[in-house]
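Throughout, residue positions are numbered sequentially from 1 according to the sequence presented. Side-chain atoms are counted along with the backbone in the values below, which use heavy atoms only and exclude waters and symmetry mates. Because the structure is a prediction, the values reported are computed rather than measured.
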Amino acid sequence: LFNIFGYLKQPSIERTEDDVSADPILHALYANPMRIDELLTLVKTKETPTEKIQSLTSHLAELQLSGKITAYPDGTFGP
């Protein structure tokens, strides 16, 4: 987590162009870190607002577990 000088190491993010082009949320996050409320405007489905939030948060969790994005202390998600 920290290198020998005490600085926080940057996680290595492995991404491919196929990952980014196939997932509009991932593409948007690589372009600009965003909060969940900003990401909700990108989700265009006919789900109820509660279902939309649940699907978005589960998708963000999957992206975090795969190492493609990270959550920042200010509440944004990004590379």
Side-chain angles (χ1 to χ4, degrees):
L1 186 59
F2 289 92
N3 68 13
I4 194 166
F5 301 108
Y7 295 106
L8 186 64
K9 287 184 181 178
Q10 294 295 324
S12 61
I13 298 173
E14 297 178 15
R15 62 182 181 190
T16 63
E17 293 301 320
D18 293 335
D19 291 340
V20 175
S21 62
D23 188 351
I25 299 294
L26 186 60
H27 181 72
L29 288 173
Y30 281 157
N32 185 28
M34 296 184 205
R35 296 185 318 269
I36 289 179
D37 57 336
E38 295 170 320
L39 289 169
L40 282 172
T41 62
L42 301 175
V43 178
K44 305 292 184 200
T45 61
K46 294 184 179 187
E47 299 175 323
T48 65
T50 304
E51 291 171 340
K52 197 183 287 191
I53 291 169
Q54 288 174 344
S55 64
L56 178 62
T57 53
S58 66
H59 184 61
L60 290 173
E62 290 172 5
L63 291 173
Q64 280 185 284
L65 288 174
S66 67
K68 295 178 182 174
I69 65 168
T70 188
Y72 295 108
D74 64 352
T76 59
F77 292 87

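Taking the salt bridge (Lys or Arg N to Asp or Glu O under 4.0 Å) definition, one finds that Glu38 meets it with Arg35, sequence neighbours left out. Shown here are the side chain to side chain contact (heavy atoms under 4.5 Å, CB included) partners of Thr48, two or more places apart in sequence or in another chain: Thr50, Glu51. With sequence neighbours excluded, the residues forming a side chain to side chain contact (heavy atoms under 4.5 Å, CB included) with Ala71 are Gln64, Phe77, listed by chain and number. Glu62 pairs by the side chain to side chain contact (heavy atoms under 4.5 Å, CB included) definition with His59, not counting sequence neighbours. Not counting sequence neighbours, the partners of Leu42 by the side chain to side chain contact (heavy atoms under 4.5 Å, CB included) test are Ile25, Ala28, Met34, Leu39. With sequence neighbours excluded, the residues that form a side chain to side chain donor-acceptor pair (under 3.5 Å) with Ser55 are Glu47.
Rounding to the nearest 0.5 Å places OG1 of Thr41 at 12.5 Å from CD1 of Ile36. Residue Asp23 holds its CG atom at 8.5 Å from CG of Leu29, rounded to the nearest 0.5 Å. Put simply, CG on Leu26 and CG on Leu60 are 10.0 Å apart, with the number rounded to the nearest 0.5 Å.
Looking only at distances, a side-chain donor or acceptor of Tyr30 sits under 3.5 Å from a matching main-chain atom of Lys68. When atom types are taken as modelled, the side chain of Thr76 and the backbone of Tyr72 share no donor-acceptor pair closer than 3.5 angstrom.
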